[in-house]
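The structure under discussion appears below in the form of structure tokens.
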Amino acid sequence: DQAIPSRREESGSSVTRSSGLLRALGQIQLVNSKFTEARELFEQSINVAESVGDEGDRGVALQALGETYHVRSEYSRAEELYRMRKEYPQAEESYTQARDILSKIGNQVGFAMSLKGLGEVYRMQNEYSKAEEAFIQACGIFSQIGHMHGSARLSEGMADIQWARKEYVEAEESYLEAQRLYQVTGDMYSSANVSWYLGWLHREQAQYAAAERVVREASSVYAGLGLKQEVEECDEFLEKIGRSME
């Protein structure tokens, strides 16, 4: 239907848009937990970007591929855990390549997100020093560019590491900082999740009154958002806390 053919020097741009479309389709599959389909689409996106030499698009697609391996390992059933652990190196490799590419082209947000992804992979493998180093570097970038939501995610990640190390005071401080940033950005769901995590943190220390207080706060927000399953989980938690306080 087009009377004038595309100029040859513009053909690369057209292919790159196809890479972006493949990546968008992959994100849809990832959201629906269709990990194999998502991985295949992200790999196709990487190949298309490579064919035209677009390092930026390749970096973003590599980051998405790393996220797929990461999320898949988190959502796998317990009996599949051993098999899924082999995907940690693949996630690490994808995030590392994405980090290097996005840093080189000056994509600060993508660079920081890749560092965050690396940190999460390290954390899930109990490599806390490496995870902490990645989180701190990413947090510095997010703070510099004013990306408050990214900073909140990283504060939450740091809290997870500190909790694993039994550094309860530091973990609580990090969770509260994450919650403050979530509230500033209007992300009440993530803020409620932090209250939920704080409840478990207090419960582990036998601080039952504090645990009850923050989980009631979480339940109230979940109810306001119409999240029935989360409210039910809070009710179960509060029931157990009540028995512990008797």
Side-chain angles (χ1 to χ4, degrees), residues 70-71 73-78 81 85 88 112-113 115-140 142-143 147-225 227-246:
H70 174 197
V71 174
S73 63
E74 282 193 322
Y75 279 81
S76 42
R77 296 173 297 175
L81 184 57
R85 281 178 180 164
Y88 288 140
M113 291 299 294
L115 284 167
K116 175 186 175 295
L118 266 177
E120 290 291 348
V121 171
Y122 290 140
R123 182 183 64 80
M124 292 169 69
Q125 298 178 91
N126 300 326
E127 297 183 34
Y128 298 128
S129 295
K130 287 185 177 181
E132 185 175 26
E133 182 180 351
F135 285 155
I136 290 172
Q137 189 177 358
C139 191
F142 280 137
S143 296
H147 197 300
M148 297 184 71
H149 201 270
S151 295
R153 291 290 185 203
L154 288 162
S155 292
E156 193 175 332
M158 285 296 297
D160 293 340
I161 293 172
Q162 291 158 342
W163 186 349
R165 290 173 168 170
K166 308 298 183 184
E167 298 170 354
Y168 296 124
V169 174
E170 293 83 354
E172 182 176 1
E173 290 175 352
S174 294
Y175 276 134
L176 290 173
E177 174 61 10
Q179 188 169 57
R180 182 187 71 81
L181 292 170
Y182 285 137
Q183 290 174 350
V184 169
T185 61
D187 187 350
M188 299 312 297
Y189 175 68
S190 293
S191 175
N193 286 342
V194 172
S195 293
W196 171 247
Y197 302 144
L198 281 167
W200 284 89
L201 181 67
H202 287 308
R203 178 181 172 181
E204 187 168 311
Q205 300 171 81
Q207 298 171 347
Y208 300 125
E212 181 181 28
R213 175 178 56 80
V214 292
V215 170
R216 287 194 185 281
E217 291 175 0
S219 182
S220 177
V221 176
Y222 289 145
L225 296 172
L227 301 172
K228 294 182 179 180
Q229 181 176 343
E230 284 82 350
V231 172
E232 290 173 1
E233 290 174 353
C234 287
D235 289 343
E236 292 175 7
F237 180 95
L238 291 168
E239 183 179 346
K240 292 177 181 178
I241 286 291
R243 290 199 295 267
S244 298
M245 296 174 68
E246 291 175 353

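Owing to the predicted nature of the structure, the values given are computational and were not obtained by experimental measurement. In what follows, every heavy atom counts, from backbone to side chain, and hydrogens, waters and symmetry copies are set aside.
- The OG atom of Ser174 sits 9.5 Å away from the CG atom of Asp160 when rounded to the nearest 0.5 Å.
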Under the side chain to side chain contact (heavy atoms under 4.5 Å, CB included) criterion, do Glu230 and Trp196 qualify, and how do the steps go?
-> CA-CA 10 Å; Glu230 284 82 350; Trp196 171 247; over 6 Å; no

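- With a 4.5 Å cut-off on side-chain heavy atoms, Glu233 and Tyr222 do not count as touching.
- We find the CD-CZ distance between Glu120 and Arg123 to be 4.5 Å, quoted to the nearest 0.5 Å.
- Every residue two or more places apart in sequence or in another chain that forms a side-chain contact (heavy atoms from CB on, under 4.5 Å) with Glu132 is listed here: Ile136, Met158, Ile161, Arg165.
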How far apart are the C-alpha atoms of Arg203 and Phe237, what are their side-chain angles, what is the distance that settles it, and do they pass the side chain to side chain contact (heavy atoms under 4.5 Å, CB included) test?
-> CA-CA 10 Å; Arg203 178 181 172 181; Phe237 180 95; 3.7 Å; yes

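- The existence of a salt bridge linking Glu133 and Lys130 is excluded, since no basic side-chain nitrogen approaches an acidic carboxylate oxygen closer than 4.0 Å.
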Going through the distances and angles, do Leu176 and Gln179 end up as a side chain to side chain contact (heavy atoms under 4.5 Å, CB included)?
-> CA-CA 5 Å; Leu176 290 173; Gln179 188 169 57; 3.9 Å; yes

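- Scored by the side-chain contact (heavy atoms from CB on, under 4.5 Å) test, Arg216 finds Glu212, Leu238 as partners (sequence neighbours excluded).
- A salt bridge does not link Glu236 to Lys240: none of the charged nitrogens lies less than 4.0 Å from a carboxylate oxygen.
- Under the side-chain contact (heavy atoms from CB on, under 4.5 Å) criterion, Gln207 pairs with His202, Gln205, Ala210, not counting sequence neighbours.
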Can Leu181 and Glu177 be said to form a side chain to side chain contact (heavy atoms under 4.5 Å, CB included), step by step?
-> CA-CA 6 Å; Leu181 292 170; Glu177 174 61 10; 3.8 Å; yes

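- Summarising the geometry, atom CG belonging to Leu154 is positioned 11.0 Å from atom CD belonging to Gln137; distances are rounded to the nearest 0.5 Å.
- Heavy atoms only, all atoms of each residue included: Ala223 and Val231 are closest at N-CG2, 3.6 Å.
- The aromatic rings of Trp163 and Tyr175 sit perpendicular, their planes meeting at an angle over 60°, well past the 30° parallel limit.
- In terms of heavy-atom proximity, Ala112 sits nearest to Ala138 at O-CB, 3.6 Å.
- The distance from atom CG of Leu201 to atom OG of Ser195, rounded to the nearest 0.5 Å, is 12.0 Å.
- Side-chain atoms of Ser219 do not come within 3.5 Å of backbone N or O of Val215 as any donor-acceptor pair.
- The ring pair (Phe, Tyr, Trp, His ring centres under 6.0 Å) search around Phe142 returns His147, not counting sequence neighbours.
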Show me the side-chain donor-acceptor pairs of residues 166-173 shorter than 3.5 Å, one per line, residues at least two apart or across chains.
from   : atom 1 : to     : atom 2 : distance (Å)
Lys166 : NZ     : Glu204 : OE2    : 3.3
Tyr168 : OH     : Glu204 : OE2    : 2.6

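- In this structure, the ring pair (Phe, Tyr, Trp, His ring centres under 6.0 Å) partners of Tyr182, at least two apart in sequence or on a different chain, are His149.
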